Structures are given as C-alpha cells and as structure tokens.
Trainee: 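Below you'll find the structure I mean.
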Number of protein chains: 2
Amino acid sequence: MNKSERLFQLVLLLRSRRTAITAEAIAEAMGVSVRTVYRDVQALVLSGVPVEGEPGVGYMIRPANHLPPLVFTPDELQALLVGNRMVQAFTDQDLAKGARSAELKIRSILTEHLKQHAEQQPYRIPILESDDGLREVHGKLRRACEQRHKVRAIYLDEKQEKSERTIWPLGMIGWTGKWTLLAWCELRHAYRNFRFDRFEALDLLEENFRTTSDISIAHYLQSVIGMRDPG
Amino acid sequence: MNKSERLFQLVLLLRSRRTAITAEAIAEAMGVSVRTVYRDVQALVLSGVPVEGEPGVGYMIRPANHLPPLVFTPDELQALLVGNRMVQAFTDQDLAKGARSAELKIRSILTEHLKQHAEQQPYRIPILESDDGLREVHGKLRRACEQRHKVRAIYLDEKQEKSERTIWPLGMIGWTGKWTLLAWCELRHAYRNFRFDRFEALDLLEENFRTTSDISIAHYLQSVIGMRDPG
DNA sequence: GGCACTACTGACAGGTTCTGACAGTAATGT
DNA sequence: ACATTACTGTCAGAACCTGTCAGTAGTGCC
C-alpha cells in the first residue's frame, strides 16, 4: 500500500468512527510506524482535510463532505460477496435474509464491468438443509445476546453428560467449523463456553440480564484470555 | 505538490465541474505531464473513486445522484460486517485486505445510529496466526482459479498417502470448517476434490488451462452432483 | 525538583516510488 | 495508407518515503 492509498484509507478510517482514535491504533491498523502516522495526519491537514487531534485522546475528522462518491473495487466486491454467502450458509435465517438484501443493494450500484467480474468468481458455498437446525440455534442465541435474555439450556458436554442451567449469553465466537457461545453461567458463577451444536434444548427467558464491568465479553477477553476487544 | 496532495486536488477539480475535462487540461492545471495524469486517474479508480473517461471527451466523476444511495438496515449491516470478518479469518490475505477496505467504505457512510449499532453486535471472530499457512494456500489456489493456471501439487489423502499430480483448479467450495478445491486431475482424467489443509506443496505453473463444456465447475455441479450452478 | 510517561518533531541512511520522455498500441476519420 | 488522438509500457534519473533514534514539551507523581 503506497502513501496515497494509505491517505485515502485513513480518511475512511477516521470517517468510519464515532470516537477518536490514537496514533498508535492507526499505526497498527495500517501496518506502519507511529512516526508515519504523524506524517500522514499532517499531510491530510495540509491537503485541507479537517483532522483534529488532542494528546491523550487521539484523532478525529470533522464531519464534512471530504469523500467523493465511492464505489467498490473488484477485490472489495469479491470479499463482500464471499462474506455474504458465508453468512447465508453459517449463521441464521434472519441474518441470511439481511445478507441477501444487502447484496442486492450492492449489486445495484455496480458498473457493467464489475458485474461481469462478480459472475466469474471461483467460490461456491453450498447452503445445506442439514444445517437448518444449527441455523435455528444460531438465531435463538443471537436474539438472546442482542436482547439480553437469560437462557434456560440443556447442554451436552464432550463426555455426552447432560446438564441444565440458566446462562447469560454474552457473545458469539466464530471459529473454524463451529460457533461457541460465551456466557455467564448462573450454576457455576463463572464464564463458560458452549458449542452451538451441543445444545439439546434452548428456551429464551423473559428475564433480562445486565452486563457489568465484571461480567461482559470485553472483561472475559481482557482478563481471562488476555486479548483486547477490538469490538 | 506531491502526489498525495495532487490526488486530493484532482478529486476537487473533477467534482467542481459539471462537464468532462481532458487529460491535457488536467495536466496544464496541475503542472504535470499527461502521462502523470493517466497515472493519477488510475490511482483514483483503484481506490474506488468512480472516475469515468471517454476518448475525445475527457474525465468526470460519476455524479452522486447517478448512484443509488447505499443505505443499509441494521440486519443488512450486521450481515455485511460478520461476513467480512469471516472473510478475514477464513480466506486469504488479499481478500482480507479487500474486506477491510470495503468495511471502511461501508462504515464511512453510516448514520450515527447505525455506527452505534455496529459497535454493539455480539460477534467475535478471532483471526488466528496459526491459520496463516492455510491462508497462504487459499491465496495461491484462488489466484490459480482466477488466472486459470495449472497447478503442480503434492497431496495427502485421508490415509496420509502422498501423491503428486497436475491439476486444473476450477473452483473453491466452502464447507463448515474447511475449503475444498474442485479440480480436473490430469493423472486420473477426472474431477477430484482436494481439501486445502491436505496440500503439502503447491506450485502454480506458467501453463494455463481452458474450461470446456465438459470440464468446468458448472458441468461438475450439474452432472456429477445434480445441482444447478447459481453462479 | 527530578523522574517517568506520553505525544510529538527533526534528522538520517537506506529503500521505494515517481516522473517525463519516448516508443508502441488501438481506435477513428479522411 | 496516413494522421490524429488517447492511452499503456519502459527506463534512467530524481524525488520522496520509511523506521529508528534523539530531542522537545507538557503532564502528573513522588
């Protein structure tokens, strides 16, 4: 990525956020040194782009129309289409529906050349009916996470031992070949991970839970795994 | 005026006009050669700025009112973001890069409300360094499919038996937890499927192949699996 | 006041990209 | 066939860019 491309991406990055971002975070996102970020920011300012910064806070862009209309490049388009197809195959029905309609919107703005490019991609991702049950589990759990419903679940562990418990679904982790639910378990008073394919029964309860600083996906990722939550 | 500054100015120039402007006029306005203008225009196009040109007419930026506004619903947005993250985790580096920049473009046009919504989604998809080798295999095979290069491969089957063969990579099939390559095998004179994680070595050959009505992904799906190729 | 930390600027050697000039290609018109 | 126009590819020389490191300024703590 050369400098001019990077400057465009930096404008996009700043425009994509609601909050300020530090030079260090930008450097990491762009794969360059912090010194280069300072230079880039200065280059933007000299070009008239209203970037503002504050020590201890980071950089923001003032909302002004500094972006021309943008269209997707061939690589970007392919990434979107493949990703959408994966969502249709590996998540749930409602999200699949969202993916399909998003794709129609994206296709509506393509040039003829890009449309042809989209026809020639080598990917095929079959949507198997045998995965319908899993898609339903996925949908229930997503709803529970989003709406913060406690869940009453019957779960089989790796030894096929059945347990029944009430859990607070905090987040959905995607791995190669499986999804796991990060939850706070009322039975064990601790975080637990549950594979979607091992739930035998699931009931969303009317009762809601609240995340706290000590019970949240960010807390788990930070203090239990030692990973910063980019989300 | 360096190149990055000039590109910003060129966007402003093109956006300020209702009519096309020739490369020569741009060159004069910018104080550079015509050759450089051609390069600059190409750089803008590669970043996704919809610059269009016609011999004898000149260049314009496609007006925003000729592009339908891209407005996504919360579900559509979530589907796009999750899909993009999966592409980053489970495909190759270049496609991941496309996904990232597509995401920035999408995020940069969101309303404040949708930006907030995007921050609160329950998905986390870790991008593991342990998958870097597989991402490299994925990238090679994608290139081979797209550019129609024959591939010289060393492959381990499910009994760990090693074989070496020349194959024509036709398409990439995504399943839960793994990718397979659909290829025409010169050794067996038949279609064969190869799991990405079982390739021990891969060399893209200079030699190209051509698909025919009897050797193609559509033919395989239709006549071998009995499935219509949605394309 | 001294020290540590944070965010930034200046300088430098080595590396990378960019430029104009020129040759070549493709399309169009006479 | 020839001329013109708009574009692409190549090359040598020029210009710019990068990360590293040292230094500056500001802030907070002891």
Side-chain angles (χ1 to χ4, degrees), chain A residues 1-14 17 19-62 71 73-75 111-114 116-117 222 228 230, chain B residues 1-14 17 19-62 93-94 97 100-101 146-147 206 208:
Chain A
M1 178 152 51
N2 66 31
K3 180 162 175 162
S4 11
E5 283 170 38
R6 204 172 56 240
L7 290 185
F8 267 101
Q9 294 279 72
L10 183 51
V11 171
L12 286 180
L13 176 61
L14 295 171
R17 298 175 52 88
T19 56
I21 177 170
T22 60
E24 194 171 342
I26 294 172
E28 193 169 332
M30 298 284 184
V32 292
S33 68
V34 174
R35 183 68 185 86
T36 296
V37 171
Y38 296 135
R39 289 191 184 109
D40 284 356
V41 166
Q42 189 169 66
L44 288 186
V45 172
L46 287 180
S47 293
V49 181
V51 181
E52 299 174 336
E54 231 183 288
V57 178
Y59 295 103
M60 293 191 79
I61 197 167
R62 273 210 325 273
V71 296
T73 64
D75 278 354
T111 59
E112 212 49 46
H113 171 71
L114 272 187
Q116 270 186 327
H117 182 88
Q222 186 172 29
R228 237 190 29 239
Chain B
M1 177 154 53
N2 64 33
K3 180 162 177 161
S4 354
E5 283 170 36
R6 205 173 54 242
L7 289 185
F8 277 102
Q9 293 288 347
L10 182 52
V11 169
L12 288 182
L13 175 62
L14 292 172
R17 299 175 52 91
T19 56
I21 177 171
T22 61
E24 194 170 343
I26 294 170
E28 191 168 335
M30 298 285 183
V32 294
S33 68
V34 174
R35 185 66 186 88
T36 297
V37 172
Y38 295 136
R39 287 192 186 106
D40 285 356
V41 166
Q42 189 168 70
L44 290 185
V45 171
L46 287 180
S47 292
V49 181
V51 180
E52 297 177 337
E54 233 184 289
V57 176
Y59 294 104
M60 297 190 73
I61 284 190
R62 202 161 146 205
Q93 258 201 339
D94 289 340
K97 195 169 146 208
R100 282 196 295 274
S101 76
E146 287 171 349
Q147 289 158 30
E206 287 295 326
N208 288 87

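The chains referred to below are lettered A, B, ... by the order of the sequence lines, with proteins before strands, and numbering in each begins at 1. What you see is a predicted model, and the numbers here were worked out from it, not measured in a lab.
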Trainee: Tell me the interatomic distance from A/M1, atom CE, to D/dC17, atom P, rounded to whole angstroms.
Mentor: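 These atoms are roughly 15 Å apart.
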
Trainee: For the pair A/R6 (side chain) and A/Q9 (backbone), establish whether a donor and an acceptor sit closer than 3.5 Å, ignoring hydrogens and angles.
Mentor: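 Between the backbone of A/Q9 and the side chain of A/R6 there is no qualifying donor-acceptor contact (under 3.5 Å).
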
Trainee: Using a 4.0 Å heavy-atom cut-off, does A/G56 contact any base of the nucleic acid, only the sugar-phosphate backbone, or nothing at all?
Mentor: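 Since only primed, P, OP1 and OP2 atoms lie under 4.0 Å of A/G56, the category is sugar-phosphate.
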
Trainee: Over how many whole Å does the gap from B/K3 atom NZ to C/dT17 atom P extend?
Mentor: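 These atoms are roughly 11 Å apart.
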
Trainee: For the pair A/R39 (side chain) and A/Q42 (backbone), establish whether a donor and an acceptor sit closer than 3.5 Å, ignoring hydrogens and angles.
Mentor: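 Not a single qualifying donor-acceptor pair exists.
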
Trainee: Using a cut-off of strictly less than 4.0 Å, decide whether A/R6 has a side-chain nitrogen or oxygen near OP1 or OP2 of C/dT17.
Mentor: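 So the side chain of A/R6 is outside the cut-off, no N or O lying under 4.0 Å from OP1 or OP2 of C/dT17.
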
Trainee: Roughly how far, to the nearest 0.5 Å, is the CG atom of A/L44 from the CG atom of A/L7?
Mentor: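 Reported value, rounded in 0.5 Å steps: 5.0 Å.
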
Trainee: If only side-chain N and O atoms of B/Y59 are considered, is one of them under 4.0 Å from the OP1 or OP2 phosphate oxygen of D/dC7?
Mentor: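 For B/Y59, the contact criterion (side-chain N or O under 4.0 Å from OP1 or OP2 of D/dC7) is met.
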
Trainee: Check the distance between C/dT28's C1' and B/E54's CD and give it to me in whole angstrom.
Mentor: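 These atoms are roughly 14 Å apart.
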
Trainee: By nearest nucleotide on DNA chain C, pick out whichever of A/V57 and B/V34 is the more 5' one.
Mentor: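 Looking at the nearest nucleotide for each, A/V57 comes out on the 5' side.
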
Trainee: Mapping B/R39 and B/T22 to their closest nucleotides on DNA chain D, which lands nearer the 5' end?
Mentor: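 Nearer the 5' end of the strand: B/T22.
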
Trainee: Within the supplied structure, the quantity of interest is the number of heavy atoms (other residues, nucleotides, ligands) at a distance under 6.0 Å from A/E52 CD; does it exceed 12?
Mentor: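 Yes, enclosed.
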
Trainee: Taking the nucleotide of DNA chain C with the nearest heavy atom to each, does A/S4 or A/R35 sit closer to the 5' end?
Mentor: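 The residue mapped nearer the 5' terminus is A/R35.
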
Trainee: Between D/dG19, D/dC7, C/dT9, which nucleotide has the shortest distance from any of its atoms to the side chain of A/S33?
Mentor: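 Closest nucleotide among those given: D/dG19.
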
Trainee: Please state how far atom CD in A/Q42 lies from atom P in C/dT9, giving the value in whole angstrom units.
Mentor: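 Computing the A/Q42:CD to C/dT9:P distance gives 6 Å.
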
Trainee: In whole angstrom, what separates A/E5's CD from C/dT16's P?
Mentor: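 After rounding, the reported distance stands at 16 Å.
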
Trainee: Rounded to the nearest angstrom, tell me the gap between atom CG in B/N2 and atom C1' in D/dA15.
Mentor: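 Atom CG in B/N2 sits about 10 Å away from atom C1' in D/dA15.
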
Trainee: Separation of A/D40 atom CG from C/dC8 atom P, in whole Å?
Mentor: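 Checked: the CG to P distance equals 13 Å.
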
Trainee: Does CD in B/E146 sit with more than 12 non-hydrogen atoms of other residues, nucleotides or ligands closer than 6.0 Å?
Mentor: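 Above 12, so yes.
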
Trainee: In whole angstrom, give the distance that lies between atom CD1 of B/I21 and atom C1' of D/dA6.
Mentor: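 These atoms are roughly 15 Å apart.
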
